[in-house]
Amino acid sequence: MVFLAAGVLLAAAAAVAVWIGNSRSRMEKSEILKIGVLIYKEDDTFVSGIVEEMKRQFKDDEREKGSRIRMDFAYAEENQSIQNEQIDKYLSLDYDVLCVNLVDRTEAAIVIEKAKAADVPVVFFNREPVAEDLQQWDRLYYVGSDAKESGTLEGLLVVDFYKKYPEKLDKNQDGVIQYVLLEGESRHQDSLIRTEYSVQTLVDAGISLERLDGGIANWVRSQAEALTTQWLKEYGSEIELIISNNDDMALGAIDAVENWHVKFSNIVGIDGTPEGLAAVESQKMIGTIVAGQEDYARVILDLAERMARREALDGLDIREDKSIRIPMYSVNCDGKIRRLEEEGKEEN
Ligand code: GAL
């Protein structure tokens with residue numbers, strides 16, 4: 001019995017020694033903090049904007065604080081298996097924290113399992129894991145914009161435009177707005193929710209709508225151009241409004257309209273990319289929603305660094321669902337800016 005108890009104690013002491021050893025070696029290694037950033041694909045305009053900002057802020061930070069951090073990027077060619085392999089590689093190279101822009105947001109569990117086994121925290125961003133997955137471990141967070149808020153703001157852009165220029169929107173004066181809708185990836189939280197709330201906001205404002213058509217263009221400008229061209233052939237001047245889930249697809253719609261040689265600018269987008277904002281300024285679009293890429297980058301880096309260093313997360317606006325939402329605002333073709341929180345309309 002005594003031997004057994006002593007054996008148990010020895011085993012426990014050995015386990016503690018291994019644990020201390022592990023954390024010590026992690027701390028020694030963490031002289032240089034290693035951040036691995038994993039992106040779903042290379043040529044997504046909005047996500048690339050966030051990545052460029054992360055690189056820029058990281059450089060500024062290095063100059064200012066002389067901080068010893070290393071940040072590396074891996075692109076997954078829209079393939080979750082490739083991203084999982086990239087995660088394995090970063091973990092085997094003792095990275096201190098991972099920032100993950102998932103390929104498939106329903107496949108977060110496997111990423112979480114790997115990170116947890118290696119005790120490496122994860123900041124997911126832009127492609128939101130399902131709620132239960134985020135609850136699996138305390139060293140997981142999500143940074144993203146609120147899809148409901150962006151959809152609502154997009155709807156309000158149209159409501160305001162209609163109030164100011166009813167004849168420009170309801171071209172045939174039948175009291176109904178005939179519209180088409182460009183959707184992002186089918187399984188992306190932003191496509192489903194933005195679509196729902198942009199349309200619902202118009203309905204709530206008492207605007208009668210008729211959906212002529214809609215289709216998935218996967219956030220991609222050329223795919224949106226192809227779809228819009230098809231609709232222009234089919235519906236011609238019946239189309240009074242093009243609602244797009246993002247700016248790149250709105251720009252694709254503008255390309256189609258310009259190729260078709262028609263004058264049409266009743267198009268709304270979301271993201272506030274430089275090209276999107278330029279199109280709004282030059283009156284080719286009614287407006288867009290700016291989800292600040294600078295803010296995105298700052299919050300991701302701050303959270304990643306603090307988690308890697310096991311520092312407190314005070315002062316970060318973390319919601320109960322373990323997410324940090326990036327504030328956003330709309331900009332319209334008259335240069336007017338609108339924010340929901342200032343109007344007390346933010347419900348979350
Ligand atoms: C959305 C954004 C799209 C695209 C997508 C990628 O939030 O509006 O333009 O970047 O994320 O996940």
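Numbering of ligands and ligand atoms starts at 1, following listing order.
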Check: Where on Q189 is there a heavy atom closer than 4.0 Å to ligand 1, on the side chain, on the backbone, on both, or on neither?
Finding: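 Looking at Q189 and ligand 1, no heavy atom falls under 4.0 Å.
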
Check: Near D317 CG, under 6.0 Å, is it more than 12 heavy atoms from other residues, nucleotides or ligands?
Finding: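 Open.
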
Note to self: Ring centres under 6.0 Å, that's the criterion: do Y296 and F46 meet it?
What the structure shows: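 Ring centroids of Y296 and F46 are less than 6.0 Å from each other.
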
Side-chain ion pair, [X] and [Y], N-O less than 4.0 Å:
X: R325; Y: E341; answer: no
X: K59; Y: E52; answer: no
X: D60; Y: R56; answer: yes

Next item on the list: Would you mind finding which of N246, D271, I50 brings a heavy atom closest to atom 2 (C) of ligand 1?
Entry: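 Comparing heavy atoms across N246, D271, I50, the nearest one to atom 2 (C) of ligand 1 lies in D271.
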
Within-cut-off N or O pair, [X] and ligand 1, under 3.5 Å:
X: Y40; answer: no
X: N245; answer: no
X: R194; answer: yes
X: R127; answer: yes

Which residue supplies the protein heavy atom nearest to [atom], what is that atom called, and how far is it?
atom: atom 4 (C) of ligand 1; result: D44 OD2, 3.3 Å
atom: atom 7 (O) of ligand 1; result: D190 OD2, 2.6 Å
atom: atom 11 (O) of ligand 1; result: N126 ND2, 3.0 Å

Check: Do K55's NZ or CZ and the ring of F73 fall within the cation-pi criteria of under 6.0 Å and 45°?
Finding: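 Yes, a cation-pi geometry holds between K55 and F73.
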
Margin query: Using the side-chain contact (heavy atoms from CB on, under 4.5 Å) definition, which of the options I286, L169, L241 pairs with Y162?
Written below: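 With Y162 as partner, side-chain contact (heavy atoms from CB on, under 4.5 Å) holds for just one option, L169.
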
